[in-house]
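To start, the structure itself, in structure tokens.
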2 protein chains.
Amino acid sequence: MLTRREREREAHRREILEAAGRVFARKGFAAATMDEIAQEAEFSKAALYFYFKNKEELFLSLIHEKFNSLGEKLRRVTSSEDSPDVKIGDLVRIHLEAFEEDKEFFQIIASEHPRLDAEVGNRLRQDIRGRYVRYIDMIEDVMREGVEEGVLRDVPPRLLALALTGIVHSFTAQWVLTGGEESLTDKGHIILELFFHGASRK
Amino acid sequence: MLTRREREREAHRREILEAAGRVFARKGFAAATMDEIAQEAEFSKAALYFYFKNKEELFLSLIHEKFNSLGEKLRRVTSSEDSPDVKIGDLVRIHLEAFEEDKEFFQIIASEHPRLDAEVGNRLRQDIRGRYVRYIDMIEDVMREGVEEGVLRDVPPRLLALALTGIVHSFTAQWVLTGGEESLTDKGHIILELFFHGASRK
DNA sequence: ATATTTTAACTAACCAGTCAGTAAAAAATC
DNA sequence: GATTTTTTACTGACTGGTTAGTTAAAATAT
């Protein structure tokens with residue numbers, strides 16, 4: 001059981017993380033300022049340094065948490081006893097739902113990923129780069145199952161995983177760009193249809 | 001005919017643009033400094049301001065040029081008399097070649113696109129946003145042809161365009177991440193195979 | 001000589017991170 | 001259980017370093 005003090009501390013940490021998420025999403029890591037995050041969080045800038053060592057650690061804590069939560073959801077799907085094609089369907093649905101719930105995070109990842117090397121220190125970028133790779137790995141594993149069971153064509157599973165995530169990301173990026181009105185999750189069945197059976201008229 | 005003076009001026013401008021391309025690609029717009037670009041270009045910082053009004057204009061000139069050159073290549077394909085499925089194949093090949101030749105540019109676009117709103121002024125972002133949309137539009141037009149001629153399924157052409165570009169981008173992103181050793185253009189036929197016929201074993 | 005191109009040196013603004021101090025809660029002492 | 005002491009959570013004001021952009025003078029070209 002947590003004391004009230006501990007609960008409040010945790011709550012404030014969350015508030016700061018959420019504010020940081022919004023600011024990083026609209027400005028990117030480099031252009032986001034600690035002053036702006038502080039203002040958004042309604043704390044003083046110094047308070048941010050009470051909760052986080054520096055800007056980089058704040059950023060990485062944010063990414064860390066989000067990846068954990070998504071990873072857990074995906075793991076629940078991949079470790080089920082369903083057949084690969086059902087799993088792939090679930091994967092896409094989970095992904096679209098997660099995106100719709102938390103589009104900021106995916107914006108951050110999409111745009112910051114190519115230059116993690118340049119902007120975060122060596123120590124922790126291993127961790128996050130590893131997490132991203134593991135995320136693709138999980139999808140690749142499902143694809144491999146599908147190939148082995150003869151449900152999917154005999155193509156390197158990594159390429160199948162890339163194709164699927166590519167389609168999904170492209171749809172979500174478009175969704176963000178158009179302001180995110182129409183439901184994204186509704187697009188799930190078209191994505192799966194195109195992924196499984198392609199664009200050609202049979 | 002240009003005088004030597006004019007030719008040199010043009011050459012210096014290009015050198016600066018190319019240096020800027022390298023720096024923006026590794027750092028992103030916000031974290032790239034004019035000092036670093038100057039050093040990379042082997043000019044003083046003030047020389048950059050002789051050729052370009054400010055950092056933003058330097059950045060946009062760069063993007064402007066690259067888009068023009070890619071756009072022209074794509075237009076040559078889309079305006080041909082070939083059938084839509086041949087055009088789609090050409091589109092993918094052109095795209096992969098262009099990427100392989102100039103991976104920096106695509107890195108810049110991919111990561112900077114989501115926040116052009118925040119970082120470049122209102123006046124010119126219309127221009128670049130418009131160019132990006134037009135690029136997807138061109139692909140969409142080919143897809144529409146394909147649907148009308150009965151070569152492709154009856155799915156909104158925009159979604160077909162998104163699916164194809166999604167797969168392509170995902171492959172190229174992976175290529176960049178792994179250091180770009182193995183030939184990217186070789187992946188063209190797998191991309192087309194997956195796009196046209198899907199991942200399912202028939 | 002004059003116009004163009006390039007530079008070194010400067011400035012004004014900004015920003016990550018620090019610090020000295022404060023108020024209130026918790027723990028220790030009586 | 002009342003008092004003093006310590007710890008926790010926070011702030012406003014500051015600093016040192018950095019960066020976009022300027023200026024004035026030097027170099028070069030015509």
Side-chain angles (χ1 to χ4, degrees), chain A residues 1-24 26-62 112 115-116 118-121 123-124, chain B residues 1-24 26-62 112 115-116 118-121 123-124:
Chain A
M1 179 46 180
L2 294 151
T3 65
R4 196 198 65 205
R5 230 182 154 77
E6 290 167 320
R7 282 197 310 278
E8 273 186 359
R9 192 171 207 282
E10 199 46 47
H12 289 177
R13 208 188 113 97
R14 295 214 74 78
E15 279 167 46
I16 292 170
L17 276 173
E18 277 163 32
R22 291 190 293 276
V23 176
F24 282 130
R26 34 171 210 269
K27 297 288 181 70
F29 178 80
T33 71
M34 293 299 267
D35 283 300
E36 188 177 349
I37 295 169
Q39 204 180 0
E40 178 98 22
E42 295 180 90
F43 281 95
S44 73
K45 180 165 55 156
L48 308 191
Y49 286 90
F50 180 77
Y51 284 94
F52 301 93
K53 203 170 106 255
N54 52 34
K55 187 181 173 183
E56 179 181 315
E57 207 198 81
L58 172 56
F59 180 68
L60 289 169
S61 297
L62 181 68
E112 225 64 55
R115 47 175 158 293
L116 283 177
E119 59 198 18
V120 309
R123 190 176 42 87
L124 287 157
Chain B
M1 179 44 178
L2 295 151
T3 66
R4 198 193 70 217
R5 228 187 158 76
E6 288 166 321
R7 283 197 309 277
E8 273 187 359
R9 196 169 203 280
E10 198 46 47
H12 290 177
R13 206 187 115 96
R14 295 212 73 78
E15 279 167 47
I16 292 170
L17 275 173
E18 277 163 32
R22 290 191 293 277
V23 176
F24 282 132
R26 37 172 208 271
K27 298 288 182 71
F29 178 80
T33 71
M34 293 299 268
D35 284 300
E36 188 177 349
I37 294 169
Q39 203 180 359
E40 178 98 20
E42 297 179 90
F43 282 96
S44 75
K45 182 165 57 157
L48 309 191
Y49 284 92
F50 179 77
Y51 286 95
F52 301 94
K53 202 170 105 256
N54 53 34
K55 188 180 173 183
E56 179 179 317
E57 206 197 81
L58 172 55
F59 180 69
L60 289 169
S61 297
L62 181 67
E112 224 64 56
R115 49 174 160 291
L116 284 176
E119 59 199 17
V120 310
R123 189 177 42 87
L124 287 158

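On a predicted model such as this, the values are computed, not experimentally measured, just so you know. Below, chains carry the letters A, B, ... as their sequence lines are ordered, and counting in each starts from 1.
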**Request:** Kindly indicate whether a cation-pi arrangement holds for A:Lys55 with A:Phe29, taking the cut-offs as under 6.0 Å to the six-membered ring centre and within 45° of the axis.
**Result:**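 Because its charged atom sits under 6.0 Å from the ring centre and within 45° of the axis, A:Lys55 does stack over A:Phe29.
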*Who are the salt bridge (charged side-chain N to carboxylate O under 4.0 Å, His left out) partners of A:Arg9, not counting sequence neighbours?*
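In terms of salt bridge (charged side-chain N to carboxylate O under 4.0 Å, His left out), with neighbours along the sequence ignored, A:Arg9 is linked to no residue.
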Roughly how far apart are [X] [atom1] and [Y] [atom2], rounded to 0.5 Å?
X       : Y       : atom1 : atom2 : answer
B:Leu58 : B:Tyr49 : CG    : OH    : 8.5 Å
B:Phe52 : B:Leu17 : CZ    : CG    : 4.0 Å
B:Ile16 : B:Glu40 : CD1   : CD    : 12.5 Å

Give a yes or no on this: more than 12 heavy atoms of other residues, nucleotides or ligands lie within 6.0 Å of atom CZ of A:Arg7.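 For A:Arg7, atom CZ is crowded (more than 12 foreign heavy atoms under 6.0 Å).
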Notebook entry, point to check: With a cut-off of 6.0 Å (strictly less than), are more than 12 heavy atoms of other residues, nucleotides or ligands near CD of A:Glu6?
Noted result: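 Atom CD in A:Glu6 is packed in, count exceeds 12.
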Report the distance from atom [atom1] of [X] to atom [atom2] of [N], rounded to the nearest whole Å.
X       : N      : atom1 : atom2 : answer
A:Leu48 : D:dG12 : CG    : C1'   : 14 Å
A:Glu8  : D:dA9  : CD    : C1'   : 10 Å
A:Glu6  : D:dA9  : CD    : P     : 9 Å
A:Glu42 : D:dA9  : CD    : C1'   : 17 Å

Give one of base, sugar-phosphate or nothing for B:Tyr51, where a contact means two heavy atoms less than 4.0 Å apart.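 The answer is sugar-phosphate, as B:Tyr51 gets under 4.0 Å only of primed atoms, P, OP1 or OP2.
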Reading nucleotides 17-26 of chain D from 5' to 3' and marking B where a protein heavy atom lies under 4.0 Å of the base, S where only the sugar-phosphate is that close, and - otherwise, the string is --SBBBB---
**Request:** Anything under 4.0 Å to a heavy atom of chain A counts; send over the first and last such nucleotide of DNA chain C, read 5' to 3'.
**Result:**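 On DNA chain C, the outermost contacted nucleotides are C:dC15 to C:dA26.
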Evaluate A:Arg13 against A:Glu18 for salt bridge (Lys or Arg N to Asp or Glu O under 4.0 Å), listing each step before the verdict. CA-CA 9 Å; A:Arg13 208 188 113 97; A:Glu18 277 163 32; over 6 Å; no
